[in-house]
Amino acid sequence: MDSYSGKITRLAEQFASLPGIGAKSAQRLAFHIVSMPEENVSALAEAILDARRNIRFCKYCCTLTDEEVCPICASDKRDHSTIMVVENARDLAAYEKTGRYEGVYHVLQGAISPAAGIGPNEIRLKELMRRLQSEDVKEVIIATNSSLEGETTAMYISKLIKPSGIPVTRIASGVPVGGDLENIDEVTLLRALDGRVPL
Ligand code: ZN
């Protein structure tokens, strides 16, 4: 890559550091950027910085949002007594796309993974426990992925909540083992939700 331009190489390396972008795509993007009108490149760069600087965690559910409280937590049309626990905002988006879930969410921003050194304190679990103490919650649905990390997290949370007496359920299998929720179709997601079992 060094044969044409150190600056293009540097740009391509930045793209290649993003998830899902290989060396070839990174190079293509870099060449595309330098051929774009400067104002479009400016708008792109500004959108990236603006998102990074101004998006924060919702005060209640910890999802990424522009506001202090996300639109779902702020809505009075949602059932605030049912909390679905998911690993990340992409999983939340997958369930929102089905249009059938009326409760609210709690986004852990990760899953417990002893192998990767991620313990209960590294995910947004304290925030969930705080919500359970201060809100009138009738059910916690654990919808972490069916990977080893997702299952470990589900078991951990269920044990933590048990003494409070709040019913905890786990979405049904049917979600393939190791499957990322965001890649699973809506029918499967709804079947998993409807078939949830007490933990
Ligand atoms: Zn929220």
Side-chain angles (χ1 to χ4, degrees), residues 19 47-113 118-147 149-172 175 179-186 188-190 192-194 196 198-199:
I48 293 172
L49 267 180
D50 183 52
R52 178 61 187 87
R53 285 183 181 147
N54 296 309
I55 286 179
R56 46 186 162 169
F57 295 115
C58 168
K59 188 177 155 185
Y60 298 111
C61 72
C62 303
T63 195
L64 296 170
T65 173
D66 298 352
E67 311 289 335
E68 194 180 6
V69 177
C70 78
I72 296 172
C73 289
S75 168
D76 55 9
K77 291 191 179 68
R78 308 292 295 230
D79 168 14
H80 290 259
S81 69
T82 304
I83 297 180
M84 183 193 287
V85 179
V86 292
E87 290 183 22
N88 55 51
R90 297 190 308 274
D91 294 341
L92 180 156
Y95 267 102
E96 277 305 282
K97 233 173 87 191
T98 69
R100 271 255 325 269
Y101 176 66
E102 286 168 349
V104 292
Y105 296 89
H106 190 85
V107 183
L108 294 171
Q109 302 295 350
I112 297 171
S113 171
I118 301 170
N121 291 330
E122 272 74 49
I123 59 175
R124 304 258 162 175
L125 208 50
K126 275 196 299 285
E127 288 84 348
L128 173 65
M129 298 315 287
R130 213 176 301 139
R131 281 178 84 183
L132 297 184
Q133 279 163 11
S134 59
E135 296 169 33
D136 184 19
V137 178
K138 294 193 172 66
E139 183 182 355
V140 175
I141 303 168
I142 304 183
T144 51
N145 294 340
S146 54
S147 59
E149 293 80 15
E151 293 298 347
T152 305
T153 308
M155 283 306 137
Y156 188 89
I157 296 177
S158 135
K159 267 193 207 141
L160 213 57
I161 299 178
K162 201 137 258 181
S164 72
I166 298 169
V168 180
T169 56
R170 175 91 173 105
I171 55 165
V175 175
D180 260 324
L181 278 185
E182 57 170 330
N183 295 325
I184 290 161
D185 68 275
E186 291 170 32
T188 310
L189 276 184
L190 287 173
L193 180 58
D194 289 340
R196 63 189 185 270
L199 274 186

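Ligands are counted one by one from 1 in listed order, and the atoms in each one are counted from 1 as well.
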How many degrees, to 10°, between Cys58 SG and Cys73 SG as seen from the Zn ion (ligand 1)?
110°

N/O/S from Cys62 sitting under 2.8 Å away from the Zn ion (ligand 1):
no

For SG in Cys70 and SG in Cys61, the angle at the Zn ion (ligand 1) (nearest 10°) is 110°

Judged by atom type as modelled, is there a donor-acceptor pair below 3.5 Å linking the side chain of His80 to the main-chain atoms of Ser75?
yes

Under a 3.5 Å distance rule, please check whether Arg130 uses its side chain to pair with a backbone N or O of Tyr60 as donor and acceptor.
no

Verify, without hydrogens or angle tests, whether Arg78 (side chain) and Gly103 (backbone) share a donor-acceptor contact under 3.5 angstrom.
yes

Apply side-chain contact (heavy atoms from CB on, under 4.5 Å) to Leu193 and Met84, showing your working.
CA-CA 10 Å; Leu193 180 58; Met84 183 193 287; 3.7 Å; yes

